[in-house]
Amino acid sequence: MFDTRIAILVRDDLPMWQRLNVTAFLATGIAGAAPDAMGAPYVDAAGHRYASLCGQPILVFESSLAGLQAARRIGVEREMLMAPYVFAMFSTGHDEANRQAFLAEDVENMDLVGLALRGSKKAIDKATKGLRLHP
């Protein structure tokens with residue numbers, strides 16, 4: 001039904017509140033970069049308008065750091081749309097500081113705590129192979 005899939009991978013050693021926080025930030029990254037993934041606004045029976053939601057399912061996986069790093073490498077190889085979140089971003093207070101924290105990461109050894117991917121079914125399946133859906 002959809003040409004693409006969206007997957008969010010979140011590190012399995014984070015407290016639940018951080019997992020949820022990272023997942024929310026990563027979902028906005030995909031929505032901002034892929035407006036075609038968004039559905040139409042919602043309207044209730046009284047005519048009140050609400051924001052649009054993503055028009056396709058988002059799969060959420062839990063992963064080790066090694067799994068996140070492997071998925072990022074596959075994402076780069078397959079030229080997927082990606083939204084990253086690294087551990088250092090937990091200690092920043094605003095968006096510009098987040099970008100600086102990300103820029104300082106070792107590209108081959110990022111301390112990823114989350115990664116959102118959008119790509120073909122085949123590419124997403126390859127990037128998430130061996131990971132389990134978040135319980």
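Note that the structure is predicted; figures quoted are calculated from it, not measured.
In this structure, Y50 is not a member of the same hydrophobic cluster as V43, with clusters built from ILVMFWY side-chain heavy atoms closer than 4.5 Å. W17 and V86 fall into different hydrophobic clusters, where Ile, Leu, Val, Met, Phe, Trp and Tyr side chains are chained together by heavy-atom contacts under 4.5 Å. Under the 4.5 Å side-chain heavy-atom criterion for grouping Ile, Leu, Val, Met, Phe, Trp and Tyr, L53 is not connected to L81 through any hydrophobic cluster. M16 and V10 are members of different hydrophobic clusters when ILVMFWY side chains are connected at heavy-atom separations under 4.5 Å. Following chains of ILVMFWY side-chain contacts shorter than 4.5 Å, one cannot reach L103 starting from F90, and the two form parts of different hydrophobic clusters.
Heavy-atom neighbours of D44 CG from other residues, nucleotides or ligands within 6.0 Å: above the threshold of 12.
Counting only heavy atoms from C-beta outward, the side chains of V113 and Q18 never approach each other to under 4.5 Å. Side-chain contact between P135 and E62: present, with at least one pair of heavy atoms (C-beta onward) separated by less than 4.5 Å. No side-chain heavy atom of K126 sits under 4.5 Å from any side-chain heavy atom of M80. The shortest side-chain heavy-atom distance between L59 and T128 does not fall under the 4.5 Å cut-off.
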Would you check, one step at a time, whether the test side-chain contact (heavy atoms from CB on, under 4.5 Å) holds for F2 with K121? CA-CA 9 Å; F2 301 102; K121 177 186 180 318; over 6 Å; no

With side-chain contact (heavy atoms from CB on, under 4.5 Å) as the test, would you mind laying out the steps for V76 and M82 before giving the verdict? CA-CA 8 Å; V76 169; M82 294 188 288; 3.6 Å; yes

Any chance you could lay out the side-chain contact (heavy atoms from CB on, under 4.5 Å) test for L65 and F87, step after step, and finish with the verdict? CA-CA 11 Å; L65 173 58; F87 190 82; over 6 Å; no

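Between K129 and D125 there is no salt bridge, since no side-chain nitrogen of the basic residue lies less than 4.0 Å from a carboxylate oxygen of the acidic one. Salt-bridge check for D111 with R11: passed, with a basic side-chain N closer than 4.0 Å to an acidic carboxylate O.
What you find for A116 and I30 is that their closest heavy atoms are CB-CG1, 3.6 Å. When all heavy atoms are compared, the tightest approach of I6 to A37 is CD1-CB, 4.4 Å. Pairing each heavy atom of T92 with each of A101, the nearest pair is CG2-CB, 4.2 Å. Scanning both residues, S52 and P41, for their nearest heavy atoms gives OG-N, 3.2 Å. Contact between M38 and C54 at its shortest, heavy atoms only, is CE-N, 3.8 Å. Taking both residues in full, the closest heavy atoms of G29 and A83 are given as CA-CB, 4.2 Å, listed atom of the first, atom of the second, then distance.
Going from atom OG of S63 over to atom CG of D12 covers 6.5 Å, rounded to the nearest 0.5 Å. If you take CZ on R73 and CD on Q69, they are separated by 6.0 Å, rounding to the nearest 0.5 Å. To the nearest 0.5 Å, atom CG of residue L9 and atom CZ of residue R72 are 13.0 Å apart. Interatomic distance, I58 CD1 to Q56 CD, rounded to the nearest 0.5 Å: 7.5 Å.
Screening residues 76-88 for side-chain hydrogen bond (donor to acceptor under 3.5 Å, both in side chains), with sequence neighbours left out, gives no hits.
Residues satisfying the ring pair (Phe, Tyr, Trp, His ring centres under 6.0 Å) criterion with F61, sequence neighbours excluded, are absent altogether.
Here the rule is side chain to side chain contact (heavy atoms under 4.5 Å, CB included) with I8, and of L115, L117, L26 only L26 fits it.
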